[in-house]
Amino acid sequence: MSLMDILAELNPAQREAVEAISGPVLILAGPGSGKTRVIAHRVAYLIKVCGVNPRRIMAVTFTNKAAREMEERLHRLVSGSVRELTLGTFHAICARFLRMDGNAIGVNSHFVIYDREDQTSLIKRGIQEVGLDPKQYAPQAIASAITSAKSHLLTPQDYDQRSRSYFDEVVARVYERYQQLLGESNALDFDDLLMKVIQLFRNSPDILSRYQERYLHVQVDEFQDTNQVQYELIKQLSGKYRNICVVGDPDQSIYSWRFADLRNILSFEKNYPEAKVVLLEQNYRSTKMILDTASHIISSNQQRKPKDLWTNNEKGELTTVVETYSEQEEARFVVSEVEHLVGQGRVKLGDCAVMYRTNAQSRTLEEAFIRYGTPYKLVAGTRFYERREIKDIVAYLRLIQNPYDSVSLLRIINVPQRGIGQQTLAKLSSWAKSMGVPEYESLKLKTNPEGNEGHQHPFSPHIAKVLVYFENMIEELVARSRELNLVDLFDLIIERSGYKEYILSGVDGEERWDNILELRTVAQEYSDLPPPESLAAFLEGVTLVSDVDGLNEGVDTVTLITLHQAKGLEFPVVFMVGMEDGILPHFKSFDDPAQMEEERRLCYVGITRAKHRVYLVRAFRRSLMGSSTVNRPSRFLDDIPSYLITGGGLWQGEDSLIAEAMYSWNKAYLPNVTAPELKAGDHVHHAQFGDGVVVSCQPVKDDNEIVVAFSSGIGVKKLLLSFTDLEKVE
């Protein structure tokens with residue numbers, strides 16, 4: 001491919017970004033500005049025009065989906081050279097490094113990767129083993145604290161030294177035991193994949209030097225989403241040549257809860273004073289109206305690098321703002337409007353996406369789509385790889401690859417049922433611990449009937465026989481795994497374990513068996529690799545997959561998806577529901593300016609997913625997660641000039657008509673009902689909730705919304721003043 005071929009499809013700014021190959025480069029890429037095209041063409045330019053060996057180029061993405069898209073583009077541009085590139089996600093690339101060089105810091109190359117469910121399971125065990133109760137100390141909360149620690153490069157010892165509270169002390173104790181348990185299982189969690197590579201580079205300068213020499217050019221996509229560990233990793237790898245190119249957009253930084261650090265991109269020019277900055281401002285995705293709406297919303301943020309987005313696309317439709325009475329009517333409106341657009345022939349079902357701030361909002365939407373028979377798909381419902389039957393088969397494969405994987409062992413030792421109950425498992429763990437060996441090693445009763453150093457095993461003859469049978473089966477499968485291709489090994493596991501009969505005899509058996517056959521199809525993709533390598537590659541692939549990686553964009557169904565998951569996707573029509581203060585922006589951001597800016601960025605990301613039409617929908621009254629509230633319209637709606645908006649009235653559905661009738665009846669027949677005048681700080685009494693203090697009182701339609709903090713464990717309630725029997729207490 002010639003120079004002209006590589007540059008022909010690019011606009012002037014994109015071409016500037018592609019040709020800037022020396023030293024640090026910051027590409028600020030607005031939504032829909034063709035950044036994936038720029039990265040792919042930049043790699044092609046380096047290979048075909050500059051003569052750089054593909055082996056000396058690294059391109060890092062954040063999702064497998066993005067990596068696949070990049071690989072497909074590069075195949076068209078540079079063909080066979082793609083095989084020599086280091087292309088993939090941070091986690092996949094780091095796993096590769098550790099399998100090659102991890103022995104230098106004690107990481108066995110045959111390690112398994114624990115996903116979030118495995119991590120939580122092992123942390124629960126760690127809590128118990130340090131003498132605490134998992135019911136009192138939630139494993140998920142401790143898992144989050146450990147992830148935070150690792151994202152800031154803190155070891156258990158580092159974390160312990162920084163402890164400021166009793167909970168911190170608990171986390172430190174569990175963190176230390178958790179790492180020991182990971183080591184005993186020859187396992188790493190997602191965060192270890194990154195942290196261990198940093199430790200490898202710090203402890204082995206010769207290994208770091210080898211990688212620095214290899215990678216002449218390092219490119220990073222979605223740089224605004226990097227955390228401290230990822231930033232440090234990229235800084236180390238590009239340390240010799242400093243040919244580091246980062247692509248991102250501060251306005252699309254929405255993952256602080258995953259410990260992404262916005263400062264990485266905002267401070268890039270400070271950290272690399274010689275950096276060249278290129279702005280990609282031409283949008284190829286959205287209409288002018290959509291871009292104008294999004295730009296007005298994001299312009300209020302302070303932590304950003306201003307860009308002037310523009311497009312040659314059509315002017316397009318005004319942004320439709322809709323108010324409904326309840327979340328049920330909100331859902332009905334969405335279904336009704338989708339059916340209306342499809343009925344007119346303007347869109348297909350697959351062109352439409354419904355986006356929301358929290359997963360809990362999907363329930364009402366799903367009910368409406370089911371009720372009216374409109375096909376939909378829910379992104380991140382039960383993920384394929386989190387289904388019970390899939391986790392079971394993957395656990396068998398992981399145990400075959402690494403028999404010391406205690407999480408997988410304990411998961412399937414009694415699946416299908418073999419009469420090995422919790423009491424037996426407790427005895428097994430205790431006996432293994434007393435001998436200082438992993439659980440799998442303690443199963444070898446046939447060669448060690450009395451145990452080590454006179455330890456008598458605690459099992460009855462029947463249970464001992466069952467355990468020996470299980471261990472024999474795994475040993476046979478381990479031996480066969482060295483000679484069988486992955487699909488044949490898969491089939492042998494099903495046969496020897498009796499899993500097919502087991503799964504078909506249970507609830508939804510046929511559907512679950514179909515899922516297993518689908519997993520077998522995935523295994524076939526690795527059949528051209530030699531046996532040990534294919535098993536390792538398969539397990540790594542299925543562990544590192546993310547929610548949107550499995551999104552089939554060719555299916556003609558409406559997509560239901562959270563705003564966070566929608567990042568990187570695009571749809572002709574976008575419905576954003578829950579446009580209310582307390583939902584978007586989320587109520588937890590009200591007292592935190594930085595979090596409020598992130599909520600604004602989240603709204604911006606949602607709107608810029610749309611190509612042709614945007615609907616911003618809210619409910620006057622919403623019941624969510626156990627409470628019913630009246631929320632004010634989202635403050636982000638106030639940022640949109642009226643000339644960009646159509647609609648704004650109350651959608652006339654069943655609930656709204658009933659509500660209006662009730663309101664009219666109350667005005668006509670209860671003229672003497674008056675509400676007390678209240679302000680923030682007033683003390684009040686409610687017949688059901690007891691005493692409280694007014695937090696705020698603001699006008700809503702022809703009423704007042706009052707927020708009261710009640711005592712006696714009731715908490716904060718939002719109420720409509722005219723329908724609430726509140727007594728002012730002096």
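Along the sequence shown, the residues carry numbers beginning at 1. In what follows, every heavy atom counts, from backbone to side chain, and hydrogens, waters and symmetry copies are set aside. As the structure is a computational prediction, the values presented were derived from the model and not from experiment.
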Side chains of Pro134 and Ile127, heavy atoms from C-beta outward: is any pair under 4.5 Å? yes
Could you tell me whether the side chains of Arg398 and Gln401 share a donor-acceptor contact shorter than 3.5 Å? no
Filter on salt bridge (Lys or Arg N to Asp or Glu O under 4.0 Å), then keep only pairs touching residues 487-499, sequence neighbours left out; what's left? Glu476-Arg496, Asp491-Arg520
Would the number of heavy atoms belonging to other residues, nucleotides or ligands and lying under 6.0 Å from CZ of Arg83 be above 12? no
Between Tyr526 and Glu533, is a side-chain hydrogen bond (donor to acceptor under 3.5 Å, both in side chains) present by the stated rule, with each step listed? CA-CA 9 Å; Tyr526 297 81; Glu533 185 181 339; over 6 Å; no
Val605 to Lys567 - nearest heavy-atom pair and separation: CG1-CD, 4.0 Å
For Phe259 and His152, take the angle between the two ring planes, folded into 0 to 90°, and tell me which bin it lands in: parallel under 30, tilted 30 to 60, perpendicular over 60. perpendicular
Distance-minimising heavy-atom pair for Leu193 and Leu98: O-CD1, 3.7 Å
Donor-acceptor under 3.5 Å (Thr61 side chain, Thr63 main chain): yes
Can you check side-chain hydrogen bond (donor to acceptor under 3.5 Å, both in side chains) on Tyr231 and Asp261, steps first, answer last? CA-CA 9 Å; Tyr231 179 82; Asp261 194 337; over 6 Å; no
Please test Arg116 against Asp191 for salt bridge (charged side-chain N to carboxylate O under 4.0 Å, His left out), starting from the C-alpha separation and ending with a verdict. CA-CA 10 Å; Arg116 298 303 180 195; Asp191 304 305; 3.5 Å; yes
When you measure from the side chain of Ser148 to the backbone of Ser144, do you find a donor-acceptor pair of N or O atoms at a distance under 3.5 Å? no
Step by step, work out the side-chain hydrogen bond (donor to acceptor under 3.5 Å, both in side chains) result for Glu222 and Gln224. CA-CA 5 Å; Glu222 304 289 5; Gln224 77 281 347; 2.7 Å; yes
With a 4.5 Å heavy-atom cut-off, do Gln595 and Ser256 have their side chains touching? yes
Quick one: does His110's side chain get under 4.5 Å of Arg99's, heavy atoms only? no
Under a 3.5 Å distance rule, please check whether Asp405 uses its side chain to pair with a backbone N or O of Leu399 as donor and acceptor. no
So, Thr543 and Asp115: side-chain donor and acceptor under 3.5 Å apart, yes or no? no
Where does the angle between the aromatic ring planes of Phe201 and Tyr211 fall among parallel (under 30°), tilted (30 to 60°) and perpendicular (over 60°)? tilted
Ignoring hydrogens and angles, tell me if any N or O in the side chain of Gln179 forms a donor-acceptor pair with the backbone of Glu176 under 3.5 Å. no
In terms of relative ring orientation, are His564 and Tyr255 parallel, tilted or perpendicular, with 30° and 60° separating the classes? tilted
Under the ring pair (Phe, Tyr, Trp, His ring centres under 6.0 Å) rule, collect the residues that match up with Tyr440, sequence neighbours excluded. none
Is there a donor-acceptor pair closer than 3.5 Å between any side-chain N or O of Ser209 and the backbone N or O of Pro205? no
4.5 Å side-chain heavy-atom contact, Phe111 and Asn402: no
Evaluate the side-chain proximity of Leu560 to Lys377: yes if any heavy-atom separation is below 4.5 Å, no if none is. no
Taking atom CZ of Arg55 as the centre, report whether more than 12 heavy atoms of other residues, nucleotides or ligands fall under 6.0 Å from it. no
Ile413 vs Leu428 side-chain heavy atoms within contact, under 4.5 Å: yes
Taking atom CZ as the centre, does Arg162 end up with more than 12 heavy-atom neighbours from other residues, nucleotides or ligands that are less than 6.0 angstrom away? no
Within a strict 4.5 Å, meaning less than it, do heavy atoms of the Ile207 and Arg210 side chains meet? yes
I want to check a possible cation-pi pair here: Arg418 against Phe470, using under 6.0 Å from ring centre and within 45° of the ring axis as the test. no
Using a strict threshold of under 4.0 Å (side-chain N to carboxylate O), is an ion pair present between Arg173 and Glu169? no
Describe, in one word, how the ring planes of Tyr159 and Tyr175 are oriented to each other, choosing from parallel (under 30°), tilted (30 to 60°) and perpendicular (over 60°). perpendicular
Residues at least two apart in sequence or cross-chain that pass ring pair (Phe, Tyr, Trp, His ring centres under 6.0 Å) with Tyr137, listed by chain then number, are none
Would you check if Leu153 and Met195 make a side-chain contact, meaning some heavy-atom pair closer than 4.5 Å? yes
Return yes if some donor-acceptor pair links the side-chain N/O of Ser267 with the main-chain N/O of Asn264 below 3.5 Å, else return no. no
Here the salt bridge (Lys or Arg N to Asp or Glu O under 4.0 Å) pairs for residues 144-159, sequence neighbours left out, are Lys150-Asp189, Lys150-Asp192
Can a salt bridge be assigned to the pair Arg411 and Glu117 using a cut-off of 4.0 Å between side-chain N and carboxylate O? yes
Under 4.0 Å between a side-chain nitrogen and a carboxylate oxygen: does that hold for Asp514 and Lys500? no
When the ring centroid of Tyr114 is compared with that of Phe190, is the distance short of 6.0 Å? no
Salt-bridged, Arg601 to Glu598, with N to O below 4.0 Å? yes
For Glu483, does the CD atom have more than 12 heavy-atom neighbours from other residues, nucleotides or ligands under 6.0 Å away? yes
Which residues satisfy the side chain to side chain donor-acceptor pair (under 3.5 Å) test with Gln230, sequence neighbours excluded? none
Near Lys235 NZ, under 6.0 Å, is it more than 12 heavy atoms from other residues, nucleotides or ligands? no
Mind listing the closest non-hydrogen atom pair of Val478 and Pro403 along with its distance? CG2-CG, 4.3 Å
When you check the side-chain N and O atoms of Ser406 and Glu439, is any donor under 3.5 Å from an acceptor? no
Would you say the side-chain atoms of Gln212 pair up with the backbone N or O of Gln236, donor to acceptor, closer than 3.5 Å? yes
List for me each residue that meets side chain to side chain contact (heavy atoms under 4.5 Å, CB included) alongside Thr86, sequence neighbours excluded, and say none if there are none. Met58, Ile93, Arg96, Arg214, Tyr215
List the steps and the verdict of side-chain hydrogen bond (donor to acceptor under 3.5 Å, both in side chains) for Gln524 and Thr521. CA-CA 5 Å; Gln524 288 175 336; Thr521 301; 4.5 Å; no
Does any N or O in the side chain of Asp225 come within less than 3.5 Å of the main-chain N or O of Ala260, such that one atom is a donor and the other an acceptor? no
